[in-house]
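This report concerns only the one structure given below.
Note that this is a predicted model, so its numbers are computed, not measured.
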Amino acid sequence: FLTDWIRDPQNFRPSTYMPRFFGHWDHLKGAGLKTAEEFEPLEILGMATWLEKNSQPFEPEVPPTGMKESSQAEKVARGKATFETRGCIACHNHGDFPAVAAARGKDIPQGPDLTGLGTKFDRTRNPKGPEWLYSWIKNPTKYHPRTRMPNLFIDPITQPDGSKVDPVDDIREYLLSSVIPW
């Protein structure tokens with residue numbers, strides 16, 4: 001993900017404000033074009049390697065124990081409902097809620113569009129991604145003390161049958177289910 005993001009941020013999130021620095025070759029010809037095509041991937045890999053090497057250590061939040069066993073579909077359905085009712089769409093756009101984005105018009109949401117977030121945190125490409133996402137939703141200031149993302153103090157919910165579910169896990173699974181087909 002990181003190399004793709006550095007190469008072309010709009011490939012993942014078309015609405016990002018992150019500029020594209022690579023692949024601007026329209027003005028190049030001959031040897032200059034060949035050099036750019038040869039070295040830009042190395043520059044991108046070097047940047048990604050540096051970022052990974054110099055990233056701060058992170059201790060993830062520990063999910064609660066004793067939660068009800070739920071299918072993936074159940075978690076995604078609960079997560080979508082929680083995403084909407086806990087106010088996530090007040091700050092974020094998501095393709096599942098086009099009316100919210102339309103109602104905003106040209107107003108810029110506080111946080112990024114979360115459509116396709118499952119592509120970024122795919123468990124096979126990014127094994128620690130889902131763990132990080134859980135921690136970010138549960139306690140964003142633990143990772144970034146000055147973030148604008150609020151801690152919503154989302155705790156486990158006891159259902160009418162007495163079982164407990166973790167809304168943070170449900171939101172995470174909902175967001176992970178949103179992928180961009182490459």
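- Of all the heavy atoms in V179 and G118, the pair that sits closest is CG1-C, 3.7 Å.
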Stepwise salt bridge (Lys or Arg N to Asp or Glu O under 4.0 Å) test for E173 and R123: CA-CA 11 Å; E173 293 306 314; R123 286 177 166 92; 2.7 Å; yes
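- Side-chain contact between K164 and I157: absent, with no pair of heavy atoms (C-beta onward) separated by less than 4.5 Å.
- Grouping Ile, Leu, Val, Met, Phe, Trp and Tyr residues whose side-chain heavy atoms lie under 4.5 Å apart, directly or via other members, leaves V62 alone, with no other cluster members.
- Counting all heavy atoms, side chain and backbone alike, C91 lies closest to R104 at N-NH2, 3.7 Å.
- The distance from the CD1 atom of I171 to the CH2 atom of W136 is 14.0 Å, given to the nearest 0.5 Å.
- Side chains of F21 and I6 form no contact here, defined as non-hydrogen atoms less than 4.5 Å apart.
- From T141, atom OG1 reaches atom CZ of R148 across 15.5 Å, with rounding to the nearest 0.5 Å.
- Both F1 and M18 are assigned to one and the same hydrophobic cluster, defined by single-linkage of ILVMFWY side chains at heavy-atom distances under 4.5 Å.
- Among residue pairs with one or both ends in residues 144-171, none qualify as ring-ring contact (aromatic ring centres under 6.0 Å, His included); sequence neighbours excluded.
- Between P167 and T82, the closest heavy-atom pair is CB-CG2, 4.1 Å.
- A donor-acceptor contact shorter than 3.5 Å is absent between the side chain of E84 and the backbone of A81.
- Residues that satisfy the side-chain contact (heavy atoms from CB on, under 4.5 Å) test with L152, not counting sequence neighbours, are R86, P150, I154.
- Under a 3.5 Å cut-off, the side chain of R7 and the backbone N or O of F22 do not form any donor-acceptor pair.
- Between the side chain of T119 and the backbone N or O of I180, at least one donor-acceptor pair lies under 3.5 Å.
- Taking all atoms of both residues into account, the shortest heavy-atom contact from P19 to P9 is O-CG, 3.6 Å.
- Here H94 and Y174 bring their ring centres to under 6.0 angstrom of each other.
- Considering NZ of K142 and CZ of F58, their distance stands at 6.0 Å, rounded to 0.5 Å.
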Salt bridge (Lys or Arg N to Asp or Glu O under 4.0 Å) between K138 and D155, worked out: CA-CA 9 Å; K138 180 72 176 168; D155 294 320; 3.3 Å; yes
Test side-chain contact (heavy atoms from CB on, under 4.5 Å) applied to T16 and W5, step by step: CA-CA 11 Å; T16 187; W5 176 258; 3.5 Å; yes
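- Residues A36 and P41 come closest through the heavy atom pair O-CD, 4.2 Å.
- The closest side-chain heavy-atom distance from D170 to V165 is below 4.5 Å.
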Listed pairs under 3.5 Å, donor-acceptor, residues 110-117 side chains, sequence neighbours left out:
from: D113; atom 1: OD1; to: T115; atom 2: N; distance (Å): 2.8
from: D113; atom 1: OD1; to: T115; atom 2: OG1; distance (Å): 2.7
from: T115; atom 1: OG1; to: G95; atom 2: N; distance (Å): 2.5

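- A donor-acceptor pair under 3.5 Å links the side-chain atoms of S135 to the main chain of E61, judged by distance alone.
- Rounding to the nearest 0.5 Å gives a distance of 8.5 Å between CD of E52 and OG1 of T3.
- Interatomic distance, CZ of F121 versus CG of L175, reported as 9.0 Å (0.5 Å rounding).
- For M47, the CE atom counts as loosely surrounded, since its 6.0 Å shell holds 12 or fewer non-hydrogen atoms of other residues, nucleotides or ligands.
- Judged by distance alone, the side chain of Q56 and the main-chain N or O of Y143 form a donor-acceptor pair under 3.5 Å.
- Under the ring pair (Phe, Tyr, Trp, His ring centres under 6.0 Å) criterion, Y134 pairs with no residue, sequence neighbours left out.
- Residues R78 and S70 have side chains that bring a donor and an acceptor to within less than 3.5 angstrom of each other.
- Checking side-chain atoms of S163 against main-chain N and O of Q159 turns up no donor-acceptor pair under 3.5 Å.
- Geometrically, K34 does not engage F39 in a cation-pi contact defined by less than 6.0 Å to the ring centre and at most 45° from the axis.
- Judged by distance alone, the side chain of N93 and the main-chain N or O of V100 form no donor-acceptor pair under 3.5 Å.
- Pairs engaging residues 19-31 under the side chain to side chain donor-acceptor pair (under 3.5 Å) rule: W25-E40 [sequence neighbours left out].
- Classification of the F97-F83 ring pair by plane angle, with boundaries at 30° and 60°, yields parallel.
- Summarising the local packing, CD of Q72 is surrounded by more than 12 heavy atoms from other residues, nucleotides or ligands at distances under 6.0 Å.
- In this structure, CD in E131 is found 8.5 Å from CZ in R172, a value given to the nearest 0.5 Å.
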